[in-house]
Structures are given as C-alpha cells and as structure tokens.
Amino acid sequence: MANPLDTDAGTELFSSYEAEFKLVQADLIQKLDQIPELSGEPRKAALSQATRALEEAQELLDQMRLEKQNIPSGSRTKVNQRLRNYDADVDGYKRKLRSLADDRSALFGGRYSDNPGAGSSDVQLEQRQQLLAGTDRLDRSTQRLKASQALANETEAIGASTLADLHRQRETIQHTSDILLESESYVDRSVKTLRGMARRMATNRVITIAIITVLVLLIFAVIYSKFR
C-alpha cells in the first residue's frame, strides 16, 4: 500500500475525494484479504463487493484528477506523487482481484465443471450482481453530483454576497465623494468670503487714512488762520 504524502495544497473538494478514497481503499483491502478464506456463493458475493469497491476507488481517483486542476501549479508536485501512488495501489488491487476471480475451483466449489452448459444459474446470478453493481454506481454518482451541485450553489451564494458587499462599498465611496465635493464648495465659499472681508478691510483702512489726513489738514488750516 502506498504511503500518502502530507501536503498543504488542495481544494476542499479534492480533500473530500481523497478522504473518501482512503475509506474505500481500506474497505477494499479488507475484502481482498477475506476472499481467499471463502468459497462458493460467499466467495462470489465477496468478489462482487470487492469489484464494486474497486470501481468506486477508480471513480474517486478520476474525480481527484479533475479537481487537481484547481490546485495552484506550484503545489501540484506532491499531489501528483500521491496520485501516482494511488494508481499503483489500484493496479495492484486489480491484479489481485483478477487472480482471485480466476480461481474457479474456489469460486464454484464442488459444482465446478468444464462443461459450458452447466452454469446457467451462475450466469443469471452474475447478471443480477452486475445489475446491482450498476445501480450502486449510479447511486454513488448521483450523490457526488448532488454534492457538486451543493458546492456550486454555495459558491454562487458566496459570489452574490461578495457582489452585495462591493455594491455597498461603492455606495459608501460615492457618498464620501459627495461629502468631499460639498465640503470643497463650502471651502470655496469661505475663501471668497475671506477675500471679500480682506478687500473691505483694505477699503476701510484707505477711507480711515483719508479721513485722518483731511482732519489733519483742517487742523493745520484752522491754526494757520488764527495766527495769520
């Protein structure tokens, strides 16, 4: 069995597929270890269960390969190594399962015969097991599709919430801009008022100087007239 490598990379969905794969892998190993001790109908049932588990493990590996595209390229090296290890494990399980399935004497017990027409009931049982296996695969695929749909809905909700936050931030920025423009208009009016006050002060000063000058001249005129 491959030793999985630790990594910090990977999406949440990839990690979910990997955890599910490890559970299926452990169950498959247990089934493969039990098959050599069985014969007859129990052995065929165990082989069918192991086949379904192997197919599920392969499907999960395919899902992990697809989800790997969402992992940053700089972090894919360890993930690729793990996938190669998992592939090697699955190939080993396939070879072991094929070897166990080829042992027809253990599979059919005392009923094994080289006569092709002797196993019609076994063919019907195998067809029924294949139909059940197909139904199980369809159910598992449906569950994974529902999980993907739920994740897509969650992502869509997060996107809508983000858009709403951006809209509120835009309104806040626009409101702040309006306030700044209004403040700028107040400042312009204040500057104009101060300039007007400065002009009036300068005018008043000129008038005051003129009045004082006239008064001084009048005083000099009065004094001059008295001493004339």
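Quantities reported herein were computed from a predicted structural model and do not represent experimental measurements.
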Task: Test side-chain hydrogen bond (donor to acceptor under 3.5 Å, both in side chains) applied to Tyr86 and Gln25, step by step - done: CA-CA 9 Å; Tyr86 294 151; Gln25 185 182 36; over 6 Å; no
Open item on the list: Using salt bridge (Lys or Arg N to Asp or Glu O under 4.0 Å), reason through Lys44 and Glu41 one step at a time and then give a plain yes or no.
Closed with: CA-CA 5 Å; Lys44 285 192 290 185; Glu41 294 299 327; 2.9 Å; yes
- [ ] Apply side chain to side chain contact (heavy atoms under 4.5 Å, CB included) to Arg52 and Ser48, showing your working.
- [x] CA-CA 6 Å; Arg52 290 198 296 271; Ser48 178; 3.0 Å; yes
TODO: Test side chain to side chain contact (heavy atoms under 4.5 Å, CB included) on Val24 and Glu55 and set out the steps.
DONE: CA-CA 10 Å; Val24 174; Glu55 290 172 350; over 6 Å; no
TODO: Dump the intermediate steps for side chain to side chain contact (heavy atoms under 4.5 Å, CB included) on Asp62 and Tyr17, then the final yes or no.
DONE: CA-CA 10 Å; Asp62 294 339; Tyr17 286 143; over 6 Å; no
Open item on the list: With side-chain hydrogen bond (donor to acceptor under 3.5 Å, both in side chains) as the criterion, how do Glu67 and Asn70 come out once you've worked through the C-alpha distance, each side chain's angles and the decisive distance to 0.1 Å?
Closed with: CA-CA 6 Å; Glu67 189 61 25; Asn70 295 327; 2.9 Å; yes
Open item on the list: Let's go through His167 and Glu171 carefully: what are the C-alpha distance in whole Å and the side-chain angles of both, what is the deciding distance for side-chain hydrogen bond (donor to acceptor under 3.5 Å, both in side chains) to 0.1 Å, and is it a yes or a no?
Closed with: CA-CA 6 Å; His167 180 69; Glu171 290 180 344; 2.9 Å; yes
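Contact record, Leu100 with Leu32: CD1-O, 4.0 Å, taken as the closest heavy-atom pair. Of all the heavy atoms in Leu83 and Lys68, the pair that sits closest is CD1-CD, 3.8 Å.
Lys22 has no carboxylate O lying under 4.0 Å from a charged side-chain N of Asp89, or vice versa, which leaves the two without a salt bridge. Contact check on Lys31 versus Asp27 returns a salt bridge, with a Lys/Arg side-chain nitrogen under 4.0 Å from an Asp/Glu carboxylate oxygen.
Between the side chain of Thr208 and the backbone N or O of Asn204, at least one donor-acceptor pair lies under 3.5 Å. At distances below 3.5 Å, not a single donor-acceptor pair connects side-chain atoms of Ser16 with backbone N or O atoms of Glu12. A donor-acceptor distance shorter than 3.5 angstrom exists from the side chain of Arg76 to the backbone of Gln69, with no hydrogens or angles considered.
Residues Gln81 and Arg84 bring a donor and an acceptor atom of their side chains to less than 3.5 Å of each other. Using a 3.5 Å distance cut-off with no hydrogens or angles, the side chains of Thr193 and Arg189 do not pair a donor with an acceptor.
In this structure, Ile212 CD1 and Leu217 CG are separated by 12.0 Å, a value rounded to the nearest 0.5 Å. Atoms CD and CD1, on Glu184 and Ile179 in that order, are 14.0 Å from each other to the nearest 0.5 Å. Going from atom CD of Gln169 over to atom CD1 of Ile173 covers 6.5 Å, rounded to the nearest 0.5 Å. Rounding to the nearest 0.5 Å places CG of Leu218 at 11.0 Å from CD1 of Ile223. Here CG of Leu194 is found 10.5 Å from CE of Met201. Values are rounded to the nearest 0.5 Å. Separation of atoms CD (Gln30) and CD (Gln49) is listed at 10.5 Å; rounding is to 0.5 Å.
Side-chain contact check for His175 versus Leu180: every heavy-atom pair is 4.5 Å or farther apart. The shortest side-chain heavy-atom distance between Glu56 and Leu28 does not fall under the 4.5 Å cut-off. In this structure, Glu182 and Asp178 have side chains that are not in contact, with every pair of non-hydrogen atoms separated by 4.5 Å or more. Looking only at side-chain heavy atoms (C-beta outward), Lys94 and Gln58 come within less than 4.5 Å of each other.
Within 6.0 Å of CZ on Arg205 lie no more than 12 heavy atoms contributed by other residues, nucleotides or ligands.
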